[in-house]
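Some notes on the structure that comes next.
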Amino acid sequence: MNKKRVLSGIQATGKLTLGNYLGALNTWVKMQEEYECYYMIADLHTLTVRREAEELRKNTLNLIAMYIAAGLDPENNTIFIQSHIPAHSELSWILGCYTYMGELNRMTQFKDKSAKHADNINSGLFTYPVLMAADILIYNADYVPVGEDQRQHLELTRDIAERFNSIYGETFVIPEGYTKKEGARIMGLQNPEAKMSKSSTNPNDVIFLEDEPEVIMKKFKKAVTDSEGIVKYNPETKPGISNLMEIYSVITGKTKEEIEKEFEGQGYGFFKEAVGKAVVEKLKPVQEKYKELQENPEYLENIYRKGAEQARIIATKTIEDVKRKVGLVI
Ligand code: TYM
């Protein structure tokens with residue numbers, strides 16, 4: 001009765017967005033019953049952009065609190081901090097020697113991020129996907145639940161794993177992305193042509209999971225729509241309304257057709273308010289639990305220490321196997 005294994009992570013870059021929640025966390029919660037799950041805080045990845053040290057430490061702990069508040073059961077999942085398992089970094093170095101510059105050059109996230117941080121295009125930003133591949137392959141994960149923006153990194157992970165396996169024989173499980181059709185790409189509320197991102201410069205573009213209900217309602221009321229006045233799904237011609245429908249659909253479980261029917265003949269104002277309310281309701285228990293957990297850092301520490309112990313067992317096995325195969329004396 002071997003359960004399939006799942007690994008995923010989120011960067012500890014501060015407040016999470018509704019995109020992170022609907023594209024990743026919410027799916028993780030649903031997977032926890034059926035799979036053996038490893039959910040990590042990607043703190044090393046966070047260093048590719050300059051951070052305040054204290055801020056990063058605080059964000060890391062807050063993210064653990066958010067994982068649990070969102071519904072991950074710490075008894076049933078391995079929740080840990082990436083940097084607590086040094087084998088990730090070791091494997092990343094080794095895999096980097098099996099990854100081509102040309103492959104990394106093609107990564108759209110590298111191109112985007114280096115345009116955004118033109119004054120700090122460090123090599124960590126470039127080799128970021130290799131560390132992500134190491135995160136995944138070191139646990140021999142079968143599935144990796146991520147939003148659409150991480151799919152390219154996952155394809156590269158598969159290529160690296162296949163390359164390694166073809167040289168050294170069966171070593172890594174070839175992981176599959178697990179991306180739900182709905183919620184995989186939540187767009188900004190002000191600019192529905194671009195994904196909702198915590199680094200957006202317009203605060204009304206992004207719903208943060210920590211936003212107060214009034215703030216959430218206000219942001220939805222201000223969401224950009226179109227002049228047609230019909231709640232109908234068409235991301236090409238109606239990106240704003242389609243994005244709101246997408247959000248409403250993931251939260252309520254209703255199909256696009258059901259939503260179109262539900263709001264037939266109603267104005268956008270009414271629809272936007274309904275979406276806002278659904279989000280507020282969904283986030284209410286998460287926010288309450290989050291606040292409660294933040295008051296209890298010892299409890300959180302227990303979880304990530306225990307998580308690291310569990311994660312280390314598998315990570316050590318894989319890194320030793322890899323070291324032996326490539327010819328390192330262990
Ligand atoms: P990160 O921290 O940027 O995002 C975390 C997760 O949230 C998803 N996401 C979205 N989904 C839908 N709509 C959006 N607007 C949206 N914005 C973000 C992301 O797809 C992701 O699933 N490199 C990863 C972290 C990482 C990782 C890993 C993930 C490090 N190692 C190993 C999986 C496996 C990242 O930066 O995600």
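Since the structure is predicted, the reported quantities are computational estimates derived from the model, not experimental observations. One-based numbering, in listed order, for ligands and for the atoms of each.
- At a heavy-atom cutoff of 4.0 Å, ligand 1 is contacted by the side chain of V144 but not by its backbone.
- Atom numbering of ligand 1 starts at 1 in the shown order; those under 4.0 Å from a heavy atom of I136 are 32 (C), 34 (C).
- For the pair K58 and E54, the salt-bridge criterion is not met [side-chain N within less than 4.0 Å of a carboxylate O].
- Of the heavy atoms in M40, only side-chain atoms (C-beta onward) come closer than 4.0 Å to ligand 1.
- Each of the atoms 18 (C), 19 (C), 20 (O) of ligand 1 lies under 4.0 Å from some heavy atom of D149.
- Considering backbone and side-chain N/O atoms, Q150 comes within less than 3.5 Å of an N/O atom of ligand 1.
- In L22, neither the side chain nor the backbone holds a heavy atom less than 4.0 Å from any atom of ligand 1.
- Here Q11 has heavy atoms under 4.0 Å from ligand 1 in both its backbone and its side chain.
- Using a 4.0 Å cut-off to heavy atoms of A24, the atoms of ligand 1 that qualify are 6 (C), 7 (O), 22 (O).
- D142 pairs in a side chain to side chain contact (heavy atoms under 4.5 Å, CB included) with only one of the listed residues (V6, V173, I174), which is V173.
- For ligand 1 and Y128, the ligand atoms under 4.0 Å from any heavy atom of the residue are 23 (N), 24 (C), 35 (C), 36 (O).
- Under the 4.5 Å side-chain heavy-atom criterion for ILVMFWY residues, no single connected hydrophobic cluster contains both V49 and L56.
- Counting only residues at least two apart or on different chains, the salt bridge (Lys or Arg N to Asp or Glu O under 4.0 Å) pairs with a member in residues 320-330 are E90-K323, D321-K325.
- Heavy-atom proximity to A184, at under 4.0 Å, picks out these atoms of ligand 1: 11 (N), 12 (C), 13 (N).
- Close approach of ligand 1 to H45 is summarised as follows: ligand atoms under 4.0 Å from at least one heavy atom of the residue are 30 (C), 31 (N).
- Of the heavy atoms in I10, both backbone and side-chain atoms come closer than 4.0 Å to ligand 1.
- For ligand 1 and G183, the ligand atoms under 4.0 Å from any heavy atom of the residue are 12 (C).
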Practice prompt. Report the C-alpha distance between F208 and Y290 in whole Å, list the side-chain angles of each, state the deciding distance to 0.1 Å, and finish with yes or no for ring-ring contact (aromatic ring centres under 6.0 Å, His included).
Written response: CA-CA 13 Å; F208 291 106; Y290 178 63; over 10 Å; no
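- One finds no salt bridge joining E176 and R158 here, because no Lys/Arg side-chain nitrogen approaches an Asp/Glu carboxylate oxygen to under 4.0 Å.
- Aromatic ring pairs are classed by plane angle as parallel below 30°, tilted from 30° to 60° and perpendicular above 60°; the pair Y128 and H153 is tilted.
- Here is the list of ligand 1 atoms found below 4.0 Å of a heavy atom in A42: 30 (C).
- Residue-to-ligand polar distances place N20 within reach of ligand 1: an N/O pair is separated by less than 3.5 Å.
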